[in-house]
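Hydrogens, waters and symmetry mates play no part in the numbers below; they use all other heavy atoms, side chains included.
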Amino acid sequence: MQDEIQRIGENFDIFEYLNSLENASYVVDSNRTIIFWSDMAQELTGYPREFVLGKRCMDDILKHEDNFGVNLCKTDLCPLFRTMKSNKIEILPFSVNALNKKNEKRISFDVFAAPLNVNGEIMGGIEFFSPAKDADELKRAMRIQASLMPVNLSEEIELFYHPSNSLGGDMIFMKDPWIAVFDVSGHGMSSALISSGIIAILNEILDVNSSFEEIGDKLEERYSLFDESEIYFTCLLMKKAGNHIDIVSFGHPSPMLKTNAGYRFVEMENDYPIGWNLGKHNSKAVSIDLQKDDYLLAYTDGFTETKTVSAKDGGGIIGNQGMIDIFRNVASLEEAYIRSQEINKSVFQEDDITLLRIYGK
């Protein structure tokens, strides 16, 4: 196969053509073995041609990560793998960070990959990359948003956050004894700004004595000052005391509970989302008592609404059962995210995804 691609390249001067482009590029065969490495690829990454040729990109040579620290090379999220699988051009809506060999620092690239389809047969793929546009500004904005995420978590709590783009509308709030997972409609800059404002509102209205009955109306009143009629948010609000958790939902997906008996979704009396302005909120809490090794998983609907195609139904979304199936087979939240995107039929992640897991102790 590699010889055939090499022959095609020689006949059509494809490698000479790729070398003439301003964008860096490399070519892999169907086994993801690197068979061409352009002059610009050498210049931008510091990796000489003789170092990479004959090696597989999936062997983590460039150590590609997305902006949120998820490894791409060793998963099916690799754009070269996806382009050869889908026979479509794959464009990442966020930067890919590669390790520069010369100075051991990560640099950000905009990446797209295209399949090498010869007479209907996928014989490999081409990846093009160039320095990310506005990388400094985007990374600064991402750092600011990431700084709002809780840190120094207790050992029974873990979280994972991955916007669909560089900035998102999902957010997690923690102020003992309160924990909130919320999802602002849409994504991008406007949703990110509003999610930051919601953090400030929650800090203002929540204290240890706050009651669930009044929180919805207080949220609605403060949010109305944003004067934003088209953007709303859902929220799962929890009050935690040891292994006891009281939960209310403002239009948010019900959390998943894992116990020794198996998996189930907590039955909630959903109040309506904040920003819909449908009158007085009626927030009724549901109580959960976790046992050791139980866990409660809160999430945003970007996970369960990921579009996928299965042999059984010919199409659909991950849904509740799909989430259970994934968590039966993975250990970490990042692994669950990777699995959700490996079965994603869309070109890229379409919605923000946030996962928060609370273990019993």
In terms of the angle between their ring planes, are F327 and F303 parallel, tilted or perpendicular, with boundaries placed at 30° and 60°? tilted

Quick check: does any side chain N or O of T308 sit under 3.5 Å from a backbone N or O of I317, one acting as donor and the other as acceptor? no

Salt bridge check: are K345 and E350 linked by an N-O gap of less than 4.0 Å? no

Please confirm whether F112 and F129 have ring centers closer than 6.0 angstrom. no

Does a donor on one side chain sit under 3.5 Å from an acceptor on the other, for S332 and E334? no

With a 4.5 Å cut-off on side-chain heavy atoms, are N282 and E213 touching? no

Taking V70's backbone N and O only, do any of them form a donor-acceptor pair with D66's side chain (distance below 3.5 Å, no angle check)? yes

Walk me through it: do N260 and D293 pass the test side-chain hydrogen bond (donor to acceptor under 3.5 Å, both in side chains)? CA-CA 8 Å; N260 288 334; D293 297 327; over 6 Å; no

For H244 and D246 the tightest heavy-atom approach is NE2-OD1, 3.0 Å

Quick check against the 3.5 Å criterion: does K240 have a side-chain atom that pairs as donor or acceptor with the backbone of G242? yes

Is it true that the side chains of N117 and E121 contain a donor and an acceptor less than 3.5 Å apart? no

Just wondering, more than 12 heavy atoms not from E155 lying within 6.0 Å of its CD? no

How far apart are the closest heavy atoms of D352 and S164, and which atoms are they? OD1-N, 2.8 Å

Could you grab the distance from atom CZ of F173 to atom CE of M149, nearest 0.5 Å is fine? 13.0 Å

Of F250, F233, F182, the one forming a ring-ring contact (aromatic ring centres under 6.0 Å, His included) with Y223 is F233

I want to check something: taking the side chain as every heavy atom from C-beta on, are M174 and L356 in contact at a cut-off of under 4.5 Å? yes

Measuring from atom CG of L44 to atom OG of S130, what distance do you get when rounded to the nearest 0.5 angstrom? 8.5 Å

Cationic N near anionic O, under 4.0 Å, D217 to K280: yes

Knowing that exactly one of D170, T234, D183 qualifies, which makes a side chain to side chain donor-acceptor pair (under 3.5 Å) with T300? D170

ring-ring contact (aromatic ring centres under 6.0 Å, His included) involving F212 - partner list, sequence neighbours excluded: W178

Given L297, V266, I245, the one that forms side chain to side chain contact (heavy atoms under 4.5 Å, CB included) with L257: V266

Taking all heavy atoms of A113 and all of P79, pick out the closest pair and write down the distance. CB-O, 3.7 Å

Connecting only ILVMFWY residues whose side-chain heavy atoms lie within less than 4.5 Å of each other, what is the rest of M58's hydrophobic cluster? none

In the hydrophobic clustering (ILVMFWY, side-chain contacts below 4.5 Å, transitive), which residues join Y272, or is it alone? Y232, W276, L278

N270 and H252: side-chain donor and acceptor closer than 3.5 Å? no

Which heavy atom of T83 sits nearest to which heavy atom of I89, and what is that distance? OG1-CA, 4.0 Å

Do R339 and Y337 pair up side chain to side chain, a donor and an acceptor below 3.5 Å, judged on atom types alone? no

Looking at K85, I want to see if its NZ is surrounded by more than 12 non-hydrogen atoms of other residues, nucleotides or ligands under 6.0 Å. no

I'd like to know if R49 and D39 make a salt bridge, using a cut-off of under 4.0 Å between side-chain N and carboxylate O. yes

Would you say K74 has more than 12 foreign heavy atoms packed within less than 6.0 Å of its NZ? no

Evaluate Q341 against N344 for side-chain hydrogen bond (donor to acceptor under 3.5 Å, both in side chains), listing each step before the verdict. CA-CA 5 Å; Q341 296 311 296; N344 182 3; 3.0 Å; yes

Using the salt bridge (charged side-chain N to carboxylate O under 4.0 Å, His left out) rule, pick out the option among E342, E127, E90 that qualifies with R82. E90

Could you tell me whether a side-chain N or O of N329 sits under 3.5 Å from a main-chain N or O of D325, the two making a donor and an acceptor? yes

Checking ring-ring contact (aromatic ring centres under 6.0 Å, His included) between W37 and each of F51, F15, Y26, which is the one that passes? Y26

